[in-house]
Amino acid sequence: MSLSAPEFPPSPSGPVGSRAVARPRAIDTLLADRGQLFRALFHASPVAKAVVSLDGCFLVVNDALCRLSARIADGLIDQHMSLLAHPDDVPVDDPYNDLDPYLEVAGERRLQRSDGSTAWVVQSREIVRYSNGDPQFVVLSLVDVTGRRQAEDDLLRRALTDPLTGLPNRRSLTDRLQHAVALSRRRGLQVGLLHLGLDRFAAVNDSLGHEAGDQLLCQVADRLRWSTRVEDTAVRLGADEFLILAEDVVDLDALQVLSDRLLRVLDEPFHVNGREVTLSASVGLTLGSDTDPDVLLREAHSALTRAKASGGRARVEVYDEALGPDEVDQLQLETELRHAIDSGELRLFYQPIVSLADSSLLGYEALIRWQHPTRGLLAPGAFLSAAEDNRLTSRLGAWVLHQACGDAAGWDHHLRVHVNISARHLAEPGFGDLVSDALERSGLPADRLELEITESTALFAAESTLRAVSEVTERGVTLALDDFGTGYSAITALHRLPIHTVKIDRSFVADVVTEPATAALVQGLLHLGQGMGLQVIAEGIEDKAQADWLREHGCAMAQGYAFGRPAPLSRGSRGHRVLGVPSH
């Protein structure tokens with residue numbers, strides 16, 4: 001870092017030359033007292049800055065750093081940088097480095113303000129050296145990113161927490177259960193699941209009203225939370241169902257003891273709006289160690305189904321391997337799905353993606369359906385889990401890609417097609433070749449195909465997934481991040497893969513007009529996507545008010561029932577067209 005005045009070449013004669021001469025002379029005048037210039041720039045900077053000695057003591061600080069740390073300058077001068085360090089963050093000392101360890105920290109770190117609150121900053125530094133090259137002091141810069149980190153933490157909390165009860169939700173359960181099963185294998189113990197369903201809660205809800213019903217669910221959640229062991233996790237699965245994940249269970253007797261305790265806790269009367277309410281719950285139990293987490297969940301649900309089917313209250317059933325009607329029905333569905341592809345029973349529906357500025361059509365998202373011969377038209381939720389269980393995702397994915405590319409090739413040349421890709425299919429060998437083959441067979445240009453993945457896929461992508469994405473994007477295919485804002489970290493997901501488009505999840509769009517907190521989150525997501533040069537699509541728009549709000553806040557593209565429901569293709573005079581698209 002040098003503060004010496006630059007040298008300038010001679011200026012040409014004439015009026016223009018006179019102005020050119022004046023400029024370097026003005027600079028020379030400013031730099032003549034470079035200490036005064038430095039102080040002016042240093043103290044006026046909106047970024048927190050400090051001049052720090054090589055051993056980490058503050059020599060000079062500006063007003064922005066005082067505001068950031070909630071301290072006065074006299075309280076910082078001659079103090080070591082550790083004064084601001086968060087107590088949980090201790091830098092690793094490097095004996096081979098001349099600088100204080102805190103000065104070596106680059107990137108995001110936490111600071112503790114004088115009031116005990118936490119501030120997140122991006123730290124960078126510039127070493128000022130003597131003329132012989134030896135370090136003299138360090139100019140430290142701290143950019144406050146607390147707001148962005150709080151928004152990310154809030155998004156994470158919303159994604160993993162049930163908004164009514166504050167318990168972990170089903171999405172959070174998946175990761176916790178996988179971790180618990182892996183740990184149980186190493187410890188030689190077992191994982192227990194208790195699936196609780198409140199008895200006749202619908203009747204209570206109808207008689208007291210939904211608001212009272214919500215209060216009742218919150219009280220149930222509180223009792224489950226404080227009556228379980230430290231190592232157990234209470235989860236709300238939705239509606240009137242809860243699940244307890246019990247780790248380090250010795251045997252079934254220990255699990256039944258826990259179940260009995262929970263039922264006794266729920267036997268105590270509840271008080272809602274001045275009324276006393278008595279509840280009970282039926283429970284399904286299962287126990288396992290070397291078991292797939294999804295299998296454990298199905299077993300617990302099966303046991304609860306049997307407990308409920310008995311017609312009694314507060315019944316407890318333990319899963320056994322004898323198949324009931326529900327299990328037989330699911331197995332039959334899985335068997336039939338194997339033949340559905342070859343039998344031509346699968347369908348693609350298309351939902352329009354439009355410009356919010358003028359509602360002009362930009363493309364469609366391909367959505368799979370199953371025209372079952374006896375059960376009618378089935379949505380993906382009815383059979384995709386069966387595909388996962390039977391390892392049919394690659395076959396289904398290949399069919400969707402070829403069909404969607406073939407259909408899109410017959411559309412107007414400006415329309416693009418979006419295809420959802422599962423994490424398992426993306427990680428399988430030959431995925432890049434599959435995409436290339438679908439494009440070549442259909443004749444669809446690569447830049448008219450966009451593959452949609454979820455945030456969790458982007459965050460936890462293996463090397464094979466990263467290679468597959470690199471192959472298809474190098475060809476010209478683009479990548480969209482679906483359900484944007486609901487996963488673990490939107491920022492991290494965007495940096496993991498070459499994302500072209502982000503789709504704001506419908507759960508945020510639904511409340512964007514009525515909930516200020518949700519509106520602030522969506523506005524933050526829009527700014528984040530736009531700031532990174534990404535296309536942004538809002539999903540699930542159902543009315544004009546939502547569309548107007550999103551358009552006014554800079555969202556360019558939209559998808560939802562307000563612009564068209566998913567519909568199949570039909571034949572028109574100009575080739576393929578899509579049904580269900582409103583005219584604008």
Side-chain angles (χ1 to χ4, degrees), residues 42-43 45-127 135 137-161 166-168 172 175-176 179-180 183 225-226 228-233 247 459 487-493 495 521 524:
F42 178 86
H43 287 292
S45 174
V47 175
K49 288 183 176 291
V51 178
V52 186
S53 63
L54 302 182
D55 60 357
C57 291
F58 292 113
L59 303 177
V60 185
V61 298
N62 69 355
D63 291 341
L65 180 58
C66 294
R67 290 192 298 271
L68 177 64
S69 62
R71 289 176 168 85
I72 62 174
D74 290 343
L76 292 171
I77 302 302
D78 295 329
Q79 297 294 320
H80 190 265
M81 290 178 61
S82 58
L83 176 69
L84 302 184
H86 193 279
D88 296 336
D89 298 340
V90 179
V92 178
D93 196 359
D94 184 356
Y96 300 101
N97 203 305
D98 296 332
L99 296 180
D100 183 88
Y102 282 99
L103 287 171
E104 291 294 339
V105 178
E108 289 194 8
R109 61 171 296 201
R110 290 184 292 179
L111 304 183
Q112 183 160 287
R113 307 172 83 242
S114 63
D115 59 3
S117 62
T118 297
W120 281 94
V121 299
V122 174
Q123 176 170 307
S124 60
R125 57 155 171 83
E126 179 83 15
I127 301 176
F137 55 83
V138 175
V139 178
L140 193 70
S141 297
L142 302 171
V143 178
D144 187 1
V145 294
T146 306
R148 190 256 291 166
R149 286 299 298 247
Q150 289 174 342
E152 282 193 351
D153 291 344
D154 190 51
L155 288 173
L156 176 61
R157 180 189 60 78
R158 288 172 61 94
L160 301 179
T161 305
L167 291 177
S172 177
D175 289 338
R176 298 188 188 206
H179 175 76
L183 200 61
R225 187 184 286 112
W226 55 253
T228 52
R229 303 174 304 167
V230 174
E231 60 268 33
D232 299 338
T233 303
E247 299 188 41
L459 280 169
Y488 294 87
S489 172
I491 296 289
T492 306
H495 284 291
L521 284 173

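All figures in this text were calculated on a predicted structure; none of them were measured in a lab.
- Atom CG of L142 sits about 13.5 Å away from atom CH2 of W120, to the nearest 0.5 Å.
- Taking CG of L76 as the start and CG of N62 as the end, the distance is 10.5 Å to the nearest 0.5 Å.
- V105 is linked by a side-chain contact (heavy atoms from CB on, under 4.5 Å) to P91, R109, Q123, counting only residues two or more places apart in sequence or in another chain.
- The neighbour count for H179 NE2, taken as heavy atoms of other residues, nucleotides or ligands under 6.0 Å away, does not exceed 12.
- Within 6.0 Å of CG in D88 there are more than 12 heavy atoms belonging to other residues, nucleotides or ligands.
- Side-chain contact between R71 and L84: present, with at least one pair of heavy atoms (C-beta onward) separated by less than 4.5 Å.
- Between D100 and H80 the shortest side-chain heavy-atom distance falls below 4.5 Å.
- Under the 4.5 Å side-chain criterion, counting only non-hydrogen atoms from C-beta, C66 is in contact with V61.
- In this structure, I77 and L59 approach most closely via the heavy-atom pair CD1-O, 3.4 Å.
- Under the side chain to side chain donor-acceptor pair (under 3.5 Å) criterion, D115 pairs with R113, S117, sequence neighbours left out.
- The structure places OG1 of T146 at 8.0 Å from CG of L111, a figure rounded to the nearest 0.5 Å.
- Rounding to the nearest 0.5 Å gives a distance of 5.0 Å between CD of E104 and CG of L99.
- At least one donor-acceptor pair under 3.5 Å links the side chain of S114 to the backbone N or O of A70.
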>> Before you tell me yes or no, could you show the steps for L65 and L140 under side chain to side chain contact (heavy atoms under 4.5 Å, CB included), namely the whole-Å CA-CA distance, both residues' side-chain angles and the distance that decides it to 0.1 Å?
In response: CA-CA 10 Å; L65 180 58; L140 193 70; over 6 Å; no
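- A distance of 12.5 Å separates CG in L103 from CZ in F137, rounded to the nearest 0.5 Å.
- Residue D63 holds its CG atom at 12.5 Å from CG of L68, rounded to the nearest 0.5 Å.
- In this structure, the side chain of T228 engages the main chain of R225 through a donor-acceptor pair within 3.5 Å.
- Looking at R149 and E108, their side chains come closer than 4.5 Å, going by heavy atoms from C-beta outward.
- Judged by distance alone, the side chain of R229 and the main-chain N or O of E247 form a donor-acceptor pair under 3.5 Å.
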Can you give each donor-acceptor pair under 3.5 Å made by side-chain atoms of residues 46-53, sequence neighbours left out, with the distance rounded to 0.1 Å?
| from | atom 1 | to | atom 2 | distance (Å) |
| --- | --- | --- | --- | --- |
| K49 | NZ | S141 | OG | 2.7 |
| S53 | OG | D55 | OD1 | 2.3 |
| S53 | OG | C57 | N | 3.0 |
| S53 | OG | C57 | O | 3.3 |

